[in-house]
Amino acid sequence: MNTDITASVKPEYPVIDRNPPFTKTVANFSALDYLRLSTITAVSVTVGYLSGIKPNIRGPSMVTGGLIGIMGGFMYAYQNSAGRLMGFFPNDAEVARYKKK
């Protein structure tokens with residue numbers, strides 16, 4: 001059984017780093033990644049607050065929603081950033097930034 005993901009799907013865009021480390025992936029977050037992270041967090045905080053109104057646990061419910069939102073938003077931003085570095089998503093800005101070094 002072949003468990004190598006790189007063998008099953010080939011990148012459609014230029015590859016900058018086939019296996020980017022955590023620090024490089026987080027440093028590669030774009031403004032859109034941060035916008036998505038904050039939007040997902042804000043929506044989750046609001047949903048947590050609203051879902052805690054009836055049992056009167058707004059505070060704990062809002063904090064829990066916020067934690068879930070920030071983790072989900074971070075994972076989504078990380079996935080997009082890593083995908084651009086590995087060549088699976090459009091990466092014109094990254095190619096221009098990393099190829100001139």
Between S81 and D33: side-chain donor-acceptor atoms closer than 3.5 Å: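 There is no such pair (donor and acceptor under 3.5 Å, judged by atom type) between the side chains of S81 and D33.
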What's the separation between atom [atom1] in [X] and atom [atom2] in [Y], rounded to the nearest 0.5 Å?
X   : Y   : atom1 : atom2 : answer
N28 : T23 : CG    : OG1   : 11.0 Å
L37 : Y78 : CG    : OH    : 14.0 Å
M86 : E94 : CE    : CD    : 12.0 Å
N91 : N80 : CG    : CG    : 12.0 Å
F89 : Y13 : CZ    : OH    : 9.5 Å
L67 : M62 : CG    : CE    : 11.0 Å

Shortest non-hydrogen contact from G66 toward V45: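 Closest heavy-atom pair between G66 and V45: CA-CG2, 3.4 Å.
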side-chain hydrogen bond (donor to acceptor under 3.5 Å, both in side chains) contacts in which one or both residues fall within residues 56-76, not counting sequence neighbours: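 Qualifying pairs, neighbours excluded: S51-S61.
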F74/Y34 aromatic ring centres below 6.0 Å: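 Centroid distance F74-Y34: not below 6.0 Å, so no.
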Residue that, paired with D17, satisfies salt bridge (Lys or Arg N to Asp or Glu O under 4.0 Å) out of R84, K99, K24: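 Single pass found, and it is K24.
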I70 reachable from F22 in the ILVMFWY side-chain graph, under 4.5 Å edges: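 In one cluster: yes.
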V15 side chain reached by R18 side chain, heavy atoms, under 4.5 Å: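 R18 reaches V15 side chain to side chain.
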